[in-house]
Amino acid sequence: MSLVNLHQVHKYYGDFHVLKGIDLDVKAGEVVSIIGKSGSGKSTLLRCVNGLEEYQKGGITLDGKEVTSEDIQVRRLALSVGMIFQSFNLFPHLTVGENIMLAPTIVLNKSKAEAKTIAEEMLEKVGLGDKFDRYPEKLSGGQQQRVAIARALAMSPKVLLCDEITSALDPELVGDVLKVLEQLAAEGMTLILVTHEMNFARDVGDRVVFMHEGKVWEEGNSKKLLSEPETEELRQFIGAVL
Amino acid sequence: MSLVNLHQVHKYYGDFHVLKGIDLDVKAGEVVSIIGKSGSGKSTLLRCVNGLEEYQKGGITLDGKEVTSEDIQVRRLALSVGMIFQSFNLFPHLTVGENIMLAPTIVLNKSKAEAKTIAEEMLEKVGLGDKFDRYPEKLSGGQQQRVAIARALAMSPKVLLCDEITSALDPELVGDVLKVLEQLAAEGMTLILVTHEMNFARDVGDRVVFMHEGKVWEEGNSKKLLSEPETEELRQFIGAVL
Amino acid sequence: DVLQDIQDRKEIRIAVPQDFPPFGSVGPDLKPQGIDVDMANYIADQLDVDLKIVPVTSANRIPYLQTKKVDLVISSLGKNPEREKAIDFTTPYAPFFLGVFGESSVDVTKMADLAGKTVGVTRGSVEDLELEKYAPKSLNVRRFEDNNTTLTAYLTGQVKLIATGNLVATEIAKRQPQRAPETKFLLKDSPCYIGLAEGEAALQSKINGIISTALENGTLNDISMKWLKAPLPKGFGA
Amino acid sequence: MLYFGDLLPYSDVFFGGLMTTVELTVLTTLLGVALGTLCAVLRQYGGASPRRIVASYVELIRNTPFIVQLFFIFFGLPSIGVMLTPWQASVIALTINLGAYSTEIIRAGLGSIPKGQVEAAKVLGMTFRQTLTRVIFVPAFEKIYPALTSQCIIVMLGSAVISQISVEELTYAANLVQSRNFRAFESYLVTALLYLGLAMIMRYVFKLIGKRLFSFRESS
Amino acid sequence: MIEFSNYDIIRNLIFAAQWTVLLSLVAFIGGTLVALVLTALRLTRNSILQKLVAVYIELFQGTPLLMQMFLCFFGVSLLGYEISAWSAAILALTLFTSAFLVEIWRGCIDTLPKGQWEASRCLGMSFLQILRYIILPQALRVAIAPTVGFSVQVVKGTALASVIGFVELTKAGTMLNNATFEPFKVFAMVAVIYFLLCYPLSLSSKILEKKFNVSR
Ligand SMILES: Nc1ncnc2c1ncn2[C@@H]1O[C@H](COP(=O)(O)OP(=O)(O)OP(=O)(O)O)[C@@H](O)[C@H]1O
Ligand SMILES: Nc1ncnc2c1ncn2[C@@H]1O[C@H](COP(=O)(O)OP(=O)(O)OP(=O)(O)O)[C@@H](O)[C@H]1O
Ligand SMILES: [Mg+2]
Ligand SMILES: [Mg+2]
């Protein structure tokens, strides 16, 4: 059964037509990589899925329920959709532990102790068990991004959206973050990632979606799509990236 | 005859001994490249030559006259020494043309018309004849740096000091600037350049000066020095840069 | 009915000046004292209610009354037709002569001499209105916010002439003999009235009664003796 | 309850007051910014003692109310023999007030100019004064122009206080009218709206001037 | 004739200065509370509320504090409410203070990256929770120096309460001047007292600014 479903989604910024009828279906446990040129609408797509942006036509369903950007919806959504950003967006005034515990306590009304257990577990999972009491600014970019992942995981989302989460990292730190994603994929987490890491998309992803000019231009099995692109646009794109 | 001569120049920042007895002699028409690690005193050396910094011991002569940093001296100096900075330092509120014309009109008291003729000529020389009425921020870094060169040239200096003038540029823009320098060298301009462009130093420069810890550690014919360094320090430096 | 209100709340609120000796000025404790203050006390006594003193300036005393922040204004208030349209007055309780005063060096003896001169005055006072009405057009009237400021302007020499009450001038002379103003000419005989909001007939007749008793039993005269060092003029209040 | 009809006969009083406020604002804006510029230059580039003097002046003015400064100048100074007309006292008080605030603002602008600009001018042989006027001022003022605009408006609004020393500006008009017809609320309301209008016009005029002055940014 | 010694003058001024301090405190607290509400309103994504706040700011930043004092004093009672000079001054100063604080705080909040809002929303926090746990603690750090700096304007603003007859420092000064006829001395003393009240605030604002800038 499909976990995330987009049906003919159109989105405008003012007059600017960003998404021109997106159809997409993601099953539970799938790892879908979205690739495409800058400006092709990849981030916008993710932001529509978790309700950060409104869309004007079509429909998005999550686990069968419709998604809109009304605040209350976003909050309900947040219980099932986690999102990780290119720029980490950790809360600088809270320690790593507090960053992770905040939402479980105030949104899910978990007890402090319970939230702490979860936080520790999640930090362990991303390999930062010893950083509980550090402040984010004391961590490297790669570590910060892994904390952000732990923070999202602590809400036990059904699907995790990742928007170019390695682009702001120094090359030597990218590996650690990808390793965490790989492990999540192996554990059966549903992942939708916008990424420029073609190797990762090919090796870990089940499916690749190539976006071009606000449309899903081509999609299919990762290995096949990347080695034998059908459209000229994807061929050019792959040529430019690799 | 020597155009620029440094004799046992010592310079301190407070207690910190930056230049530890520099001897250097540059003849008219020579192209001298100064290389060395960060912090070795290259910029400081240039800034002492054109009077932007005071030095405490030794002497610098330009065309036989002594150089000090008193304001009036700097102004006299400015008539014979041009300087170009890493960060362009164009005046943002003036057009390219006005940037070049300003000093000739208010310092050399040239007429507007005369200054304009010079400015156009210099812009032509650096290959930006069509940018007279643009504002600097509309130009690429490489173009801005070439305007800075034109601005310095408009004062008809006897020697041009360049402090890492290509370091702030995107790689693809470096070439244009170096081409201009090459052309100036060919026309017989005296150039003293701090640079990390080893190829340029070797191919265009007559002489290379390697600075280390505030001293002229090694100097000599460009090609020879760079291919057969005598000291261990220079060897290491070349190894690191290339 | 304000009179009823006063009696109900057992308190009367009376506006008095604190910048207008000898009617109201402050002592070293910054508490008002003077004719107007004594008058206020007397009225409160007669009504057998507590007194709440509200210090005001000549600029804001009328608004105070109109906005019912006070029940009475005892603030050396002169009467004129324009004011009578806005508020009501009782019978007079103290004598007052308005005049133009100034440094001896300035040669002025009558209204016409004011042409081209500068006179300081407190904005909105009777003397302000008088000057506006009768003075030559070329007179430069410099209006200050309150009597404090007007007096200061004179004492510091910012203006050489002021229009104010005779008593104020006397007071200045006492305090700063070297800048004692001399009387140039009198503007108006303008006895002081107590002001109250329009249409309060009960209060008006009550206060009028208190004033005429005070006139008969000599209280007004005593107050005059105390602050003005002179008895009430003959026929005052008649 | 409210009746604005009584204000009509006094329309030329309001107009006169408005004009005086405008005149005073234009004059003191020019003088104040000039004074601020001078002080900012001294504070930024001057020797130790000019710097200290300017700093004391700025702190003194910024930490005392304008009305007290005004009273001190108008009433206090005569006792040491300095006699000023209300108009002169107001212009001086407003100017030194704006001067102090704009010193701080303009200094921040001067400080924002990269050192390289000054050095570039120096190696082109410009004198310090040439550098200041030809190279530094325009970009420096551009940086702080919005803050300077707000400060000038604040000073214009602050000028309401000078009615206290009998300068016949807008607030004086309001006070005079209310002392004549006892329509205090109406008269102050109208005046407040006039000030609001002035403030908006001032912002607009500053914007227009800024557009001309800093046209080099427009070309983007 | 009553004589005023220097001691009398100083004693009276200092007594009146207590009112200045009290007035400043109450106005500052009032202004802060109102500004908090207004800041929250403008952060909601409701454009009508945002416009209303903008009008409020324009109104109270675009008219003289003196006028606001007069209008509060005479206007409110014209509407049929009792208002003392004290309450009117508090009211006017609160309006004035809040209008400026909202602007100052907006600047501070704008320096926080948009990502902080988005990340919080994605974690399911409500608008008020985001304000309370994410925005406020961070904005507070940035806002504290300019807010303390602005408190100087509030203290100085209380001087204008003198024109509606409230006896604070400036009013006491004019009264004492009238009683003593020594304007130079009296106003100099008044100025000194204001300076002593304000300068520590200015100074601490500068120190706070340095401190928080360094740790950023
Ligand atoms: N808030 C906005 N208002 C107007 N246009 C926007 C906005 N956000 C994005 N856009 C435009 O929408 C288009 C798609 O943006 P989007 O961020 O989704 O692209 P992207 O594929 O994620 O690109 P990138 O790889 O650079 O992140 C771009 O042309 C962008 O300029
Ligand atoms: N104004 C200053 N005050 C104190 N120390 C300074 C100053 N300017 C430079 N220095 C110090 O002097 C030394 C030499 O500086 P200089 O800029 O000449 O080095 P450089 O060889 O040009 O290095 P780079 O390649 O990084 O430009 C450095 O250690 C630097 O920290
Ligand atoms: Mg994107
Ligand atoms: Mg250098």
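Every chain is numbered from 1, with letters handed out A, B, ... down the list of sequences.
- When the shell of 6.0 Å around CH2 of W19(E) is examined, it contains 12 or fewer heavy atoms from other residues, nucleotides or ligands.
- Applying the 6.0 Å contact sphere to CD1 of I104(E) captures more than 12 heavy atoms from other residues, nucleotides or ligands.
- At a 4.5 Å heavy-atom cutoff, the contact between Q164(D) and chain E is made by side-chain atoms alone.
- In this structure, CZ on F100(E) lies 4.5 Å from CD1 on I154(D), to the nearest 0.5 angstrom.
- Below 30°, between 30° and 60°, or above 60°: for F71(D) and F187(E) the angle between ring planes is between 30° and 60°, a tilted geometry.
- In this structure, chain D has a heavy atom under 4.5 Å from the side chain of L160(E), while its backbone stays farther away.
- With values rounded to the nearest 0.5 angstrom, I67(D) atom CD1 is found 8.0 Å from T174(E) atom OG1.
- Looking at T171(D), the atoms closer than 4.5 Å to chain E (heavy atoms on both sides) sit in the backbone and in the side chain alike.
- The candidate from L198(D), L170(D), L193(D), I80(D) with the greatest count of non-hydrogen atom pairs under 4.5 Å with chain E is I80(D).
- For a residue to count as touching a neighbouring chain, one of its non-hydrogen atoms must lie under 4.5 Å from one of that chain's; by this rule Q68(E) does not touch chain D.
- Heavy-atom distances place the side chain of L66(E), and not its backbone, under 4.5 Å from chain D.
- By the 4.0 Å N-to-carboxylate-O rule, E59(D) lies close enough to K206(E) to be salt-bridged with it.
- Contacts of I61(D) with chain E are made by backbone atoms alone, with heavy-atom separations under 4.5 Å and no side-chain atom involved.
- F70(E) has its side chain within reach of N175(D): a pair of non-hydrogen atoms, C-beta onward, lies under 4.5 Å apart.
- Of all heavy-atom pairs spanning A191(E) and T64(D), the tightest one is O-CG2, 3.3 Å.
- More than 12 heavy atoms of other residues, nucleotides or ligands shown are found within 6.0 angstrom of CZ on F4(D).
- For the pair R62(D) and K156(E), the tightest heavy-atom approach, listed with the atom from each and the gap, is O-NZ, 2.9 Å.
- In this structure, the ring of F72(D) has its center less than 6.0 angstrom from the ring center of F184(E).
- To the nearest 0.5 Å, atoms CG (L65(E)) and CG (L157(D)) are separated by 10.0 Å.
- Atom CD of Q61(E) sits about 7.5 Å away from atom OG of S150(D), to the nearest 0.5 Å.
- By the 6.0 Å contact criterion, CD1 on I48(E) is open, its count of non-hydrogen atoms from other residues, nucleotides or ligands being 12 or less.
- In this structure, OH on Y199(E) lies 11.0 Å from CG on L60(D), to the nearest 0.5 angstrom.
- Residues P64(E) and A160(D) share a closest heavy-atom pair of CB-CB, 3.7 Å.
- In terms of heavy atoms, T63(E) sits closest to A192(D) at CG2-O, 3.3 Å.
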